[in-house]
Protein chains: 2
Amino acid sequence: MTLDSFDIAILTALQRDGAMTNAALAEQVNLSASQCSRRRAALEQAGVIEGYAARLSAARLGYGLRAVIRVNLSGHGQGREEDFARFVAGHPQIRSAFSVSGDADYILDIRARDLDAFADFIHRHLLPHPQVAQVRSEIVLKTLKDEGGIALR
Amino acid sequence: MTLDSFDIAILTALQRDGAMTNAALAEQVNLSASQCSRRRAALEQAGVIEGYAARLSAARLGYGLRAVIRVNLSGHGQGREEDFARFVAGHPQIRSAFSVSGDADYILDIRARDLDAFADFIHRHLLPHPQVAQVRSEIVLKTLKDEGGIALR
DNA sequence: CCGGAAATGCACGATACTTGCGCCAAAGGA
DNA sequence: TCCTTTGGCGCAAGTATCGTGCATTTCCGG
């Protein structure tokens with residue numbers, strides 16, 4: 001699939017507002033609503049648009065704390081990764097988890113209601129995990145930008 | 001605004017699929033479509049749902065590289081933060097930026113097409129910034145989980 | 001200059017959303 | 001106990017939005 005400037009405009013607009021009407025989209029990208037509909041369908045079909053998600057307000061839901069945790073695992077036994085992946089999958093406080101190159105083995109993006117809930121997660125769940133060797137936390141003080149998605153040009 | 005179990009079910013479902021039809025939502029949460037519509041509107045009105053966003057496939061768009069960068073700034077002059085905030089705002093490769101407690105001053109979530117584009121960003125943009133004192137990168141090797149949003153219970 | 005494939009806009013049938021309405025169940029007062 | 005009020009619910013009608021067939025235009029390649 002090859003993307004032209006219309007597609008890029010459409011994708012950019014839909015990242016900002018995925019509930020946009022085809023008519024509004026049409027106005028924004030200078031195309032007819034029907035063409036927007038068709039291009040949208042094609043982009044979804046091609047898997048460029050994976051889906052749509054509601055963005056929720058963490059503040060209004062009482063989730064005041066966000067943190068980035070770097071984790072090192074001990075040992076190198078096989079099954080070590082699968083084991084940690086299961087741990088990640090089973091803990092909804094972990095919103096994102098990446099295996100990374102460099103100093104740490106994994107980086108986790110954590111959401112919690114408050115510092116107590118966060119400390120609880122660290123001390124009752126993460127640290128007791130048998131393969132976790134080291135944990136270093138950075139708590140988010142201020143969000144300068146949080147766009148998710150991808151910048152297209 | 002107070003949320004009951006229906007609201008939580010609706011929010012959870014809409015985080016997974018924000019383009020869901022009210023009828024589908026109704027079936028999933030055991031409510032009528034009209035009530036789903038009303039509750040949805042109320043949640044949007046209250047700001048609990050901030051909006052909707054299209055999720056794009058980084059892979060299909062040729063954005064193969066993701067990295068987490070920890071940055072330390074030099075000095076403590078006032079205006080230092082505003083300056084760095086402007087830098088962040090002006091660089092679309094930076095998808096998220098957080099000021100954090102702990103070892104680093106800022107954590108950045110970076111997306112780039114490939115290692116070259118990433119290196120270019122580091123050496124031509126980030127490192128030359130006058131207030132950047134130290135930069136430590138971790139490149140994402142594998143994504144175990146990437147949900148964004150918030151887990152409700 | 002011409003032919004054809006691809007893309008576009010229009011119009012209309014189909015689908016989904018929204019809201020007025022009557023109903024019901026729970027809480028509180030007489 | 002009985003009545004009233006209040007809030008939430010489903011149904012159904014009216015309205016907005018979507019998706020597609022079709023004729024037209026645009027853009028290349030020959």
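A note on names: the letters A, B, ... follow the listed sequences, proteins ahead of strands, and every chain is numbered from 1. Treat the numbers as computed from the prediction; the structure is a model and nothing was measured.
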Axis-to-axis angle across the helix from C:dC1-D:dG30 to C:dA30-D:dT1, five pairs each end, nearest 10 degrees, ~ 30°
Students should find this one: the first and last nucleotides of DNA chain D, 5' to 3', lying under 4.0 Å from a heavy atom of chain A. What are they? D:dT17 to D:dG21
So the ring-ring contact (aromatic ring centres under 6.0 Å, His included) pairs with at least one residue in residues 96-116 of chain B (sequence neighbours excluded) are B:F84-B:Y106
Return the residues of residues 2-19 of chain B meeting this criterion: a heavy atom under 4.0 Å from some atom of DNA chain D. Order them by number, or give none. none
Using atom CE of B:M20 as one end and atom C1' of C:dT15 as the other, report the distance to the nearest whole Å. 17 Å
What is the distance, rounded to the nearest whole Å, between atom CG of A:L43 and atom C1' of C:dA7? 15 Å
Nearest 0.5 Å please: distance from the CZ atom of B:R39 over to the OG atom of B:S34. 11.0 Å
Kindly check if the number of other-residue, nucleotide or ligand heavy atoms within 6.0 Å of CD (B:E27) is above 12? no
Starting from A:V140, can I reach A:I69 by hopping between I/L/V/M/F/W/Y residues whose side chains sit under 4.5 Å apart? no
Do B:V132 and B:F118 belong together in a cluster built from hydrophobic side chains that touch within less than 4.5 Å? yes
Starting at the 5' end of nucleotides 18-24 of chain C, put B wherever the base has a protein heavy atom under 4.0 Å, S where only the sugar-phosphate does, and a dash everywhere else. SBB----
Does B:R39 reach a base, just sugar-phosphate, or nothing at all? Heavy atoms under 4.0 Å. sugar-phosphate
All side-chain contact (heavy atoms from CB on, under 4.5 Å) counterparts of [X], not counting sequence neighbours:
X	result
A:A59	A:S57
B:D83	B:R86, B:H129, B:Q131
A:L141	B:S99, B:S101
A:S37	A:N22

Suppose we screen for salt bridge (charged side-chain N to carboxylate O under 4.0 Å, His left out). Which residues come up paired with A:E50, at least two apart in sequence or across chains? B:R55
By salt bridge (charged side-chain N to carboxylate O under 4.0 Å, His left out) - contacts of B:E81 (at least two apart): none
Partners meeting side chain to side chain donor-acceptor pair (under 3.5 Å) with A:D109 (sequence neighbours left out): A:R66
Does a side-chain heavy-atom distance below 4.5 Å link A:L43 with A:L3? yes
